[in-house]
Protein chains: 2
Amino acid sequence: MSNLATIAHLIGDPSRAAMLQALLPGEALTAGELARVAGIGAAATSGQLKALVESGLVSVHAQGRHRYHRLAGEEVAAALETLIALPQTSPRRSWPHGDAFRQARLCWHHLAGRLGVALYDSLTTDRWIEAAPGGWVATEMGEARLGKLGVDLVEARRATRFACDCMDWSERRPHLAGGLGREITSMLTRRHWLRRIEPSSSDTLLRRRLTCTPEGARALSSEFGITA
Amino acid sequence: MSNLATIAHLIGDPSRAAMLQALLPGEALTAGELARVAGIGAAATSGQLKALVESGLVSVHAQGRHRYHRLAGEEVAAALETLIALPQTSPRRSWPHGDAFRQARLCWHHLAGRLGVALYDSLTTDRWIEAAPGGWVATEMGEARLGKLGVDLVEARRATRFACDCMDWSERRPHLAGGLGREITSMLTRRHWLRRIEPSSSDTLLRRRLTCTPEGARALSSEFGITA
DNA sequence: CTCTGCCTTCGGTCCCCCCCGAAACAAAGA
DNA sequence: TCTTTGTTTCGGGGGGGACCGAAGGCAGAG
């Protein structure tokens, strides 16, 4: 069977899809948590997770009597977001949780949504980063200013070559992913410019939401010229 | 049901996946041709195509007693390529038709594979094109040189905003898609620098293959600095 | 050690959906 | 009009796989 059909079939089951969506922010969840998200029993969950792991979409990490599952990599998260983005072509539909969710959310530890796209645009037009073969590089000026803001550029460069351009399904635009995206998002939350909402919610979408603090709005405006 | 599961379930059936792959180059095929590709009867094919059309993945165009089907848009092609790219992480597997297929192929009318990535790199490093919010723009120098080569820049700009960066599954790198990608590829084949192989083959992969003519190899080297 | 909690394996049921053959419909040509 | 070719609709059959309940490992707490 073709690769395409195999992978898509795995994602195509409602239960497995719910689990994958729950894993989209990038954190690891136990089998029990995923069972609750998918709304199925423990036995069924175990089988589904086994299939996901064997296919390479999900990786496991046993710790005590828990088994922590996470997406196998950033490419998986990007592919899922791409698929989610597909049906929303012409007429922008309304979304659960409305604009709030479209505003800012996590996708594999980086920033997506309107804010993520705005940040990406700001970095490119102000030439903090530039396109280069194999990914993106920070310009000299960009390195200096990002470093000053507390972004760990060494850590950012340790990422895979697949360095940028995750498709954003709500904005239908690429945004900043990869190591740099992760480190910038880390900085933004560390400085309390962005805050996570309800990480414990059972709602898959809610768990990914981020909000901008008043302090963060001012900072984003002065540092990046973004009006949040 | 979630959007993700619905779409992925459609792609996840072997017959439908085969049809979608056959449509990847961007041309329209009749229901009968797709039936042959998928290896199922006409009745089953009709039902599957109906589902694909209703979901918005595929569009139809009736002409006489034939019904021509094509992918609904470039985003669909990009999403399929992204999915195909997923499992090929660490150990580069060998491919049907070997390196030849990885070398150059069509993806929704633009150039993919090693050659497509090389072209993308050449255009960015030589600054014929630059990243800009919402897509890519040709620099002044790029416009002049592309125009001289016979690329229809007016037509290229008529494309959607989703202008670039289709993920390349064999190279795991973005390459030049969108209106500009299509027009450049059109120029390359019009000048017989690239030639299509076996557009009538029943093999889904073969049908997408492109080869570089001797003349084209010289031209690509002198014009873009690409050693094909 | 025992008990409790998390997870897996096994056996079995059930349903979705994928396919085919037959018939009907539509369009073009003889 | 009759035939041929391309496609759709209908009815029915069959297989894959998704779920559950029960039972069995493991790991940690008491």
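Chain identifiers are assigned alphabetically (A, B, ...) following the order of the sequence lines, protein sequences preceding nucleic acid strands; residue numbering begins at 1 within each chain.
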Checklist entry - When the distance from CE of A:Met19 to C1' of D:dC19 is rounded to whole Å, what number comes out? => result 11 Å
Item to check | Nearest-neighbour nucleotide for the A:Ala43 side chain, D:dG21, C:dC19, D:dC19 considered | outcome: D:dG21
Next on the checklist: Using every non-hydrogen atom in the two residues, find where A:Leu153 and A:Gly147 come nearest and quote the distance to one decimal.
Outcome noted: CD1-N, 4.2 Å
Item to check | Whether over 12 other heavy atoms sit under 6.0 Å from B:Arg191 CZ | outcome: yes
Next on the checklist: Without decimals, in angstroms, what is the distance between A:Asp13 CG and C:dC15 P?
Outcome noted: 17 Å
Next on the checklist: With the threshold set at under 4.0 Å for non-hydrogen atoms, list the residues of residues 52-69 of chain B touching DNA chain D in residue-number order.
Outcome noted: B:Arg65, B:His66, B:Arg67
Next on the checklist: A side-chain contact here means heavy atoms from C-beta on lying under 4.5 Å apart; do A:Leu123 and A:Ile184 qualify?
Outcome noted: yes
Checklist entry - Is there a side-chain contact between B:Leu24 and B:Leu106 (heavy atoms, below 4.5 Å)? => result no
Next on the checklist: What's the closest nucleotide to the side chain of A:His9 if the choices are C:dC18, D:dA18, C:dC20?
Outcome noted: D:dA18
Listed pairs under 3.5 Å, donor-acceptor, residues 39-49 of chain B side chains, sequence neighbours left out:
from    : atom 1 : to      : atom 2 : distance (Å)
B:Thr45 : OG1    : B:Gly41 : O      : 2.6
B:Gln48 : OE1    : B:Arg16 : NH1    : 2.8

Next on the checklist: Between P on D:dT8 and CD on B:Gln48, what's the gap in Å once rounded to a whole number?
Outcome noted: 12 Å
Next on the checklist: Using the side-chain heavy atoms of A:Arg16, tell me which of these nucleotides is nearest: D:dA18, C:dC19, C:dT9.
Outcome noted: D:dA18
Checklist entry - Does B:Arg158 pair with B:Glu155 as a salt bridge, N-O distance under 4.0 Å? => result yes
Item to check | Distance in angstrom units between A:Lys50 NZ and D:dA18 P, rounded | outcome: 14 Å
Item to check | Contact summary for B:Ala22 and B:Leu34, nearest pair of heavy atoms | outcome: CB-CD2, 4.3 Å
Checklist entry - Is there side-chain contact between A:Val58 and A:Leu20, with heavy atoms separated by less than 4.5 Å? => result yes
Item to check | Integer-rounded Å distance: D:dG6 P and B:Leu49 CG | outcome: 15 Å
Checklist entry - When we call it a touch if two heavy atoms are under 4.0 Å apart, what does B:Ser15 touch: a base, just sugar-phosphate, or nothing? => result sugar-phosphate
Item to check | Shortest non-hydrogen contact between A:His110 and A:Thr185, atoms and distance | outcome: CA-OG1, 3.5 Å
Next on the checklist: So if I take residues 26-35 of chain A and measure heavy-atom distances to DNA chain D, which residues fall below 4.0 Å?
Outcome noted: none
